[in-house]
Amino acid sequence: MCGRFALSALLTDIAEEFSTKALPDRTLPVDWNIKPTQDIYIIKNDEINIASWGLIAPWSKNSHDALRSQSQAINARSESVHEKPTFRSAFRTHRCLVPASGYYEWATELGRYKTKQPVFISRDDNKLLAFAGIYDRWISPQGEIKDSVAIITRDAVGELAKVHNRMPLFLSQDRWSAWMDSSLTDVEHIRALMNALKPDDHLRYWPVKPLVNSIRNNGAELVEPIELGEPETLF
DNA sequence: CCAGACGTTGTT
DNA sequence: GTCTGG
DNA sequence: CCAGACGTTGTT
DNA sequence: GTCTGG
């Protein structure tokens, strides 16, 4: 799954990597502990925008409902995103990418690490990760505009399955433009874009200190590899 | 018909 | 807003 | 995702 | 134990 991530690249680097022309009207600080409901960058076609992480249910009646609903919708399952009331409209017409330097996963019972051991996952080629996302715009009764976004997940594969049974859905560069093409509304066609040949291509991971657990902690030390005394090799 | 959910994760 | 369960 | 609250009264 | 907020 994906419930915490890092983005330490500068806006100009993100723009270069995703070939975007338009930049947002403000800059977000680099952050090694990005959490749900926080503002993050999203990429839609050739522009970078800012949206709050966690999709606001379209029928939310006030800002409090909106906050609560988005805390519950930070991820959308790729298997069902096209039919869930909260997500289906955004899935049809508001697809985006979410750039990340890497993300955190907490090991689960059957994996290679002790349960709750945080692990940092990133690319082995220093490129940014591109999570598949869906966003939507919600307007409060007071007229406040809130853009929000959810990250799509799938079954974990390969090495990553030894850490956790779910992982974010990554889109390879050759699918970016089709994914972000809002004129593409055929649901089955869109769904087909989520079938990656190598869902874990270029990924690597290592255990990190539990500093990331608290949202009050931040800094590059959160992603530093650590040595674990006696790794449990169950495979 | 109205009321209440609408989401994901992991764990049992 | 729309669907499901009662 | 994890951490932290989970309650009421009266007073400022 | 479960929900909410960040």
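What you are looking at is a predicted structure, and each value in this text was computed from that prediction instead of being measured. So that the names make sense, note that chain A is the first sequence line, chain B the second, and so on, each numbered from 1.
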Check: A:F131 ring centre within less than 6.0 Å of A:F170 ring centre:
yes
Are A:S8 and A:S101 close enough that a side-chain donor and a side-chain acceptor fall under 3.5 Å?
yes
Atom CD of A:Q72 to atom C1' of E:dT2: distance rounded to whole Å?
12 Å
Among B:dT8, B:dG7, B:dT11, the one nearest any side-chain atom of A:R77 is B:dT8
What is the distance, to the nearest angstrom, from the CG atom on A:L67 to the C1' atom on B:dG7?
15 Å
Measure the distance from CG on A:N75 to C1' on D:dC2 and round it to the nearest whole Å.
14 Å
Kindly point out which of D:dC1, D:dG4, C:dG1 is positioned nearest to the side chain of A:K61?
C:dG1
Under 4.0 Å: is that the gap between some side-chain N or O of A:H64 and OP1 or OP2 of E:dG5?
yes
Atom CD1 of A:I56 and atom P of E:dG5 are separated, to the nearest Å, by 13 Å
Distance, P atom - from B:dC6 to E:dG6, rounded to whole angstrom:
23 Å
Counting heavy atoms from C-beta on, name the nucleotide in B:dG7, E:dG5, D:dC2 closest to the side chain of A:T86.
B:dG7
Taking E:dG5 as the reference, what is the distance to B:dG4 when you measure between their C1' atoms (whole Å, please)?
23 Å
A:W59 aromatic ring stacked with six-membered ring of C:dT2, 5.5 Å and 30°:
no
Name the one of A:F120, A:W53, A:W32 that satisfies ring-ring contact (aromatic ring centres under 6.0 Å, His included) with A:F5?
A:W53
With P as the reference atom in both, quote the distance from B:dT9 to D:dA5 in angstrom, rounded to an integer.
27 Å
Close side-chain approach of A:M194 and A:V81, heavy atoms under 4.5 Å:
yes
Side chain of A:K84, heavy atoms from C-beta onward: which of E:dG5, C:dC3, B:dG7 has the nearest atom to it?
B:dG7
How close or far is atom C1' of D:dC2 from atom NZ of A:K209, stated in whole angstroms?
19 Å
Calculate the interatomic distance between A:I151 atom CD1 and B:dT9 atom C1'; express it in whole Å.
14 Å
Identify which nucleotide among D:dA3, D:dC1, B:dT11 has an atom closest to any side-chain atom of A:E109, counting heavy atoms from C-beta outward.
B:dT11
Compare all side-chain heavy atoms of A:I43 with those of A:I14 and state whether any distance is below 4.5 angstrom.
yes
Distance check, C1' atoms only: D:dG10 and B:dA3, in whole angstrom units.
38 Å
Round to the nearest Å and state the distance from A:E83 atom CD to C:dT4 atom C1'.
14 Å
Non-hydrogen atoms of A:W206 and A:V223 that approach each other most closely:
NE1-O, 2.7 Å
Sugar-phosphate, base or nothing in reach of A:I74, heavy atoms under 4.0 Å:
base
Between atom CZ in A:R68 and atom C1' in B:dC6, what is the gap in whole Å?
12 Å
Which of these nucleotides, B:dT8, D:dC2, B:dG7, is closest to any side-chain atom of A:P85?
B:dG7
For A:A76, which contact category applies under a 4.0 Å heavy-atom criterion: base, sugar-phosphate, or nothing?
sugar-phosphate
Which nucleotide wins on minimum distance to the side chain of A:R166, given the candidates D:dC1, E:dT4, B:dT9?
B:dT9
Can you figure out which of B:dG7, C:dT2, D:dC2 approaches the side chain of A:N213 most closely?
D:dC2
Looking at every strand, decide which applies to A:F87 at a 4.0 Å heavy-atom threshold: base, sugar-phosphate, or nothing.
sugar-phosphate
Which one is paired to D:dC1, where only Watson-Crick or G-U wobble pairs with both distances under 3.5 angstrom count?
E:dG6
How far, in whole Å, is B:dG7 from D:dG7 if one measures between their P atoms?
27 Å
Whom does B:dG7 pair with, Watson-Crick or G-U wobble, provided both distances fall under 3.5 Å?
none
Can you tell me if the side-chain N/O atoms of A:K116 get under 4.0 Å from OP1 or OP2 in D:dC2?
yes
Once you apply a heavy-atom cut-off of 4.0 Å, does A:P36 come out as touching a base, just sugar-phosphate, or nothing?
base
Do NZ/NE/NH1/NH2 and the carboxylate oxygens of A:R112 and A:E105 come within less than 4.0 Å?
no
What nucleic acid atoms does A:T108 come within less than 4.0 Å of, heavy atoms only: base, sugar-phosphate, or nothing?
sugar-phosphate
Please pick, from B:dT8, D:dC1, D:dG4, the nucleotide with the shortest atom-to-atom distance to any side-chain atom of A:R4.
D:dC1
For the side chain of A:T153, counting heavy atoms from C-beta on, which of B:dT11, B:dT8, C:dC3 is nearest?
B:dT8
